[in-house]
Structures are given as structure tokens and as C-alpha cells.
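Structure first, then comments.
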Amino acid sequence: VIVGTTLGRLAQLDQLIVAVPVSARLINSLELNQNATIKLPINNQTVTGKIITINPLPAENLTHMVEIEFENSTNSLLAGQAAEVKFLTK
């Protein structure tokens with residue numbers, strides 16, 4: 001990933017969704033409802049979310065958009081903030 005590249009976008013306030021581009025060679029290892037950890041910019045807080053969408057069609061750069069939903073119980077995050085995502089294996 002190149003510095004300055006948008007890695008995800010957040011929307012809503014109580015339930016947030018982070019959209020992450022995933023390499024075509026890794027996309028088959030993900031599944032709906034799979035857990036992921038999301039590291040947030042506020043106090044380096046880490047929360048757990050679940051994959052809610054896996055786009056089956058790749059973008060021009062051969063990445064697939066994956067959406068992970070998680071709770072923003074404190075409403076401390078706003079849409080458009082960056083987040084770091086790690087997918088958890090079973």
C-alpha cells in the first residue's frame with residue numbers, strides 16, 4: 001500500500017462499516033460473518049467486527065472490496081477516519 005492511499009471509509013455512528021480492498025489472491029480465504037479486528041485512531045482502540053460484504057467482482061487494480069461492520073458504542077468515531085483491519089482465522 002502506498003502512503004496516502006485510502007484504505008477504508010467509515011459510515012453511520014452507532015454501527016460503523018469499514019471498507020477494505022483485499023488482494024485477489026487472498027479473497028478466497030475470507031467468508032461472510034468472519035471476525036476481524038479493527039484498530040481505531042482514537043487512543044489506538046481495537047474493536048472486533050464481522051465481514052458483512054465481499055464484493056465478488058474485482059476493481060481495476062484486482063482488489064475486492066470487503067466490508068466489516070462493528071459497534072461504535074461511544075460514538076467517538078466519525079465517517080471518513082482511517083482504520084487498520086486484520087482478518088481473524090478460525
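Source: prediction; values computed, not measured.
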Might you work through the side chain to side chain contact (heavy atoms under 4.5 Å, CB included) test for Val66 and Ile27, ending with a clear yes or no? CA-CA 9 Å; Val66 175; Ile27 199 68; 3.6 Å; yes
Do Pro21 and His64 make a side-chain contact, defined as non-hydrogen atoms from C-beta onward lying under 4.5 Å apart? no
dist Ile54:CD1 -> Leu32:CG (nearest 0.5 Å) comes out at 5.0 Å
Ignoring hydrogens and angles, write down the donor-acceptor pairs under 3.5 Å from the side chains of residues 56-63, residues two or more places apart or on other chains.
residue	atom	partner	partner atom	Å
Asn61	OD1	Thr63	N	3.2
Asn61	OD1	Thr63	OG1	2.7

Could you grab the distance from atom CZ of Phe70 to atom NZ of Lys50, nearest 0.5 Å is fine? 14.5 Å
Applying side-chain contact (heavy atoms from CB on, under 4.5 Å), can you list everything that pairs with Glu84, at least two apart in sequence or on another chain? Lys39, Lys86
Do you know which of Val20, Ile68, Thr48, Thr46 makes side chain to side chain contact (heavy atoms under 4.5 Å, CB included) with Ile38? Ile68
Which pair of non-hydrogen atoms, one from Ala83 and one from Val18, has the smallest distance, and what is that distance? CB-CG2, 4.3 Å
For the backbone of Gly49 and the side chain of Glu69, can you confirm whether one donor and one acceptor N or O come within less than 3.5 Å of each other? no
Linking I/L/V/M/F/W/Y whenever their side-chain heavy atoms sit closer than 4.5 Å, directly or via other members, would Val85 and Met65 fall into one cluster? no
Quick check: do Leu26 and Phe87 have side-chain heavy atoms less than 4.5 Å from each other? no
Say you draw a straight line from CD of Glu71 to CG of Leu16; how long is it, rounded to the nearest 0.5 Å? 10.0 Å
Which heavy atom of Gln34 sits nearest a heavy atom of Ser29, and at what distance? OE1-O, 3.5 Å
